[in-house]
Structure formats: C-alpha cells, structure tokens
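Below you'll find the structure, written out as structure tokens, and then a few comments.
Note that these values count all heavy atoms, side chains included, but never hydrogens, waters or copies made by symmetry. Counting begins at 1 with the first residue of the sequence.
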Amino acid sequence: MKVLVIGAGNMGLTYAEGMGDSMILGRKRLRIYDTDPNKIKTLQEENKFDIYTSLEDCLPQADIVFIAVKPYHSQDLFEEMQSLVRPDQLFISLMAGVTIETIQEGLKVSKVIRTMPNLPAKVGKGVTSYTGAKEVSRIELLTARHLLDTTGTSIHVKTEKFIDASTGISGSGPAYVFYFMQSMLDAALKMGFTDYDSKVLVSNTFEGAIELFNQSDISPKSWINKVASKGGTTQAAIDSMDDNNVKQLIQDAAYAAFDRAVELGKK
C-alpha cells in the first residue's frame, strides 16, 4: 500500500508524520508532493519521507492519495491531476468545504472519502470525522480509518451533512477552547498573577477537568453541580455566565461555523 500526501502544509504534514510513525505504514511507503521550494528544501534536509515536486513521478503509482491543499487551490490541482489518476485509487480529502461530488467531478474518479480533521491531530489527540462515496468499499473505509487514527481518533458519519456539523464542533472547536482559555488568562493577569502562574492555573484547570470528564460517565452539567455550592463562588460565576447567555452564544458560534461550512460546500 503506497500512500501519497499532496500538500505539505500543517494538516498534510501532520497526517504524514502520524502515518509515517505508525506500524500500519512506515515512512518508506509514504510520499509527499509539494511545490513550495522552501518546504521542499526543509523536507529534503530532514530526510524523513520521499519528496516529489512532479505529480507525474508519484501520483500514478499511489494506492491512496491524501489531498491536503487549501480549498481555493483545489480546482487548479484537479486539472493537473486528472490525466494521471487511476479509477482504482482511493482519494481522501482533508480540505474543508469541498464536497465529495466536487472532487469526483474534478478528478473524474469515484472513490472519494471526505474528512474533517482538527488541530490537536498535531499532538496525536485529534478527532477526524469522515464519510465516503457509495463506491468506497467497507474495507477501504476501514483502511482509511486506521490511517486517520494515527493522529488520534476518528468517527465515521453517515452523510456529508455531519462533516459540516463536525466543522462546527470539532473542526473549529479548538479555537473555542483557546478563546475561553485566553479569557481566563486575561482575568488571571488582571488579578495580579504572573504570566507563568496564569498559564499553570489555566492549563492545568482545563487538563484536570477534561481528565475528570473522560474517566467517568458523569455529564458536564453534573460536574458543575458537584463544584458549585449554593451561594458559593463557583455558583456566582455560573450565574454570571447564565445571566449573560454564554451557553446560547457558544451554541450560536458552533452553528455559525456549521452554516459557513455548508456555504463553502455550495460554492
């Protein structure tokens, strides 16, 4: 099984590293294609993967092709790829907002899987939702899952609607967490803590809360009730957020990302 990653940007390299470090694939069967001279030079100096600057030299031989370019580059890339692809190849897209149908039409192929990765994949904690065209076999879906799992975990969803929905939850979600973290950091600094102490307080609070959640079947709402006593400090904070409608604002933000993903897909 030969895998080609087209695009050596953040996501392309993240998945290349994950797959290359896994027992499933190994670096010897992983190829990367890019056209950026600086990236190519860096990758060649690192000597981790087989690096290509010509699609003719790598695309026809690949069994599985990851497409990890910016969506606005996709049409030009498809035109360049079209004459080099084979009907038996499996294409896995990491591009946000580009539908399976668009890829099928652009490449004149049928076996396409669309994914929605997220940033924590860079540290092996990512979550990737994925779905495939009807022409993709169950074995191919399972193979794709094993490859995607090298950067964390993955979930198979029934339709592309859930890929767009995943964008609003997991795809864009890390930014929501960082937004909340930054707000808490700013509050800690205003209270007089140093930069270092603020970071320790906030990062360990998030890490500890997530570990509590993961190691139990207790809902976040129940954990809030365990921490917040009537008339206490935590309840004062929760009351403030409720009074300012924070819960609804977070949900609105997730739906804004979802709606934008759908809009991009239509374009």
Side-chain angles (χ1 to χ4, degrees), residues 1-9 11-12 14-16 18-19 22 24-25 29-35 50 52 54-117 121 127-151 154-167 171 261-267:
M1 181 173 62
K2 294 179 180 178
V3 175
L4 169 66
V5 177
I6 296 179
M11 275 300 141
T14 293
Y15 280 84
M19 292 185 288
S22 72
I24 300 172
L25 193 62
R29 287 180 289 174
L30 184 61
R31 305 172 177 191
I32 296 180
Y33 164 82
D34 204 281
T35 57
D50 289 334
Y52 291 83
S54 168
L55 283 173
E56 293 181 0
D57 295 334
C58 58
L59 180 54
Q61 295 81 18
D63 300 305
I64 298 176
V65 181
F66 279 76
I67 304 176
V69 301
K70 297 293 185 184
Y72 55 83
H73 289 317
S74 61
Q75 289 303 321
D76 290 339
L77 176 65
F78 292 164
E79 290 178 10
E80 189 178 353
M81 292 172 63
Q82 197 176 107
S83 63
L84 302 172
V85 301
R86 306 192 320 265
D88 62 318
Q89 288 175 309
L90 176 63
F91 295 87
I92 301 176
S93 169
L94 300 175
M95 298 181 291
V98 182
T99 65
I100 288 175
E101 184 180 6
T102 297
I103 299 169
Q104 288 176 320
E105 292 178 352
L107 294 177
K108 307 302 180 187
V109 297
S110 58
K111 295 183 178 183
V112 176
I113 291 175
R114 181 182 170 193
T115 74
M116 172 43 61
V127 57
T128 306
S129 57
Y130 69 99
T131 193
K134 65 180 186 298
E135 293 85 356
V136 178
S137 70
R138 293 181 67 179
I139 293 177
E140 288 169 328
L141 279 174
L142 183 60
T143 299
R145 179 168 196 160
H146 288 321
L147 293 175
L148 295 172
D149 280 350
T150 62
T151 62
S154 60
I155 60 169
H156 177 250
V157 296
K158 291 183 179 180
T159 67
E160 289 186 83
K161 171 189 174 182
F162 292 101
I163 296 293
D164 292 328
S166 296
T167 304
V262 173
E263 183 183 343
L264 288 172
K266 290 178 180 178
K267 288 183 179 180

Got a second to check how far I163's CD1 is from T115's OG1, nearest 0.5 Å? 7.0 Å
Supply the atom-to-atom distance M95 CE to T99 OG1, rounded to the nearest 0.5 angstrom. 9.5 Å
Closest approach of I32 to A8 (non-hydrogen atoms, all atoms of both residues): CG2-CB, 3.9 Å
In terms of heavy-atom contacts, P71 and A96 come closest through CG-O, 3.2 Å
If we only count heavy atoms from C-beta on, is the V109 to F78 side-chain gap below 4.5 Å? no
Sole residue of V157, L94, L148 in side chain to side chain contact (heavy atoms under 4.5 Å, CB included) with Y130: L148
Quick check for you: to the nearest 0.5 Å, what is the distance between L55 atom CG and S83 atom OG? 9.0 Å
Do E101 and E160 touch side chain to side chain, with heavy atoms closer than 4.5 Å? no
Within-4.5 Å side-chain heavy-atom neighbours: V5 and Y15: no
Between Q89 (side chain) and L59 (backbone), is there a donor-acceptor pair under 3.5 Å? yes
Would you name the heavy atoms of G132 and I100 that are closest together and state the gap between them? C-CD1, 3.9 Å
Just checking Q61: does its CD atom have more than 12 heavy atoms from other residues, nucleotides or ligands closer to it than 6.0 angstrom? yes
In this structure, OG1 of T143 is separated from CD1 of I113 (nearest 0.5 Å) by 8.5 Å
List the steps and the verdict of side-chain contact (heavy atoms from CB on, under 4.5 Å) for T131 and K158. CA-CA 6 Å; T131 193; K158 291 183 179 180; 5.8 Å; no
Going by heavy atoms in the side chains, are L147 and F66 under 4.5 Å from each other? yes
Are M1 and I64 close enough that some pair of their side-chain heavy atoms sits under 4.5 Å apart? yes
Check the pair L107 / I67 against side-chain contact (heavy atoms from CB on, under 4.5 Å), numbers first and verdict last. CA-CA 12 Å; L107 294 177; I67 304 176; 4.1 Å; yes
What distance separates E263 CD from D164 CG, expressed to the nearest 0.5 Å? 11.5 Å
Please evaluate residues M81 and F91 with respect to the criterion side-chain contact (heavy atoms from CB on, under 4.5 Å), reporting the C-alpha separation (whole Å), side-chain torsions for both, the decisive distance (0.1 Å), and the verdict. CA-CA 12 Å; M81 292 172 63; F91 295 87; 3.9 Å; yes
Do E56 and L84 have side chains that get closer than 4.5 Å, going by heavy atoms? yes
Look at the side chain of S154 and the backbone N and O of S129, then say whether any donor-acceptor pair between them is shorter than 3.5 Å. no
Main chain of R31, side chain of D50: is a donor-acceptor contact present, judged purely on distance under 3.5 Å? no
I'd like to know whether S22 forms a side chain to side chain donor-acceptor pair (under 3.5 Å) with T150, so could you lay out the CA-CA distance, the side-chain angles of the two residues, the decisive distance to 0.1 Å, and finally the verdict. CA-CA 6 Å; S22 72; T150 62; 5.3 Å; no
Are the side chain of R145 and the backbone N or O of H156 linked by a donor-acceptor pair below 3.5 Å? no
Counting only heavy atoms not in Y52 (residues, nucleotides, ligands), do more than 12 fall under 6.0 Å from its OH? yes
Minimum heavy-atom distance T128-P117, with the two atoms named: OG1-CA, 3.9 Å
Flag the pair V98 / R114 as yes when at least one side-chain heavy-atom distance between them is below 4.5 Å, and no otherwise. no
Can you find a pair of side-chain heavy atoms, one from K111 and one from I92, that are under 4.5 Å apart? no
Calculate, to the nearest 0.5 Å, the distance between atoms NZ and CD1 belonging to K108 and I103 respectively. 13.5 Å
For Q104 versus S110, what's the shortest heavy-atom pair and its separation? NE2-O, 2.9 Å
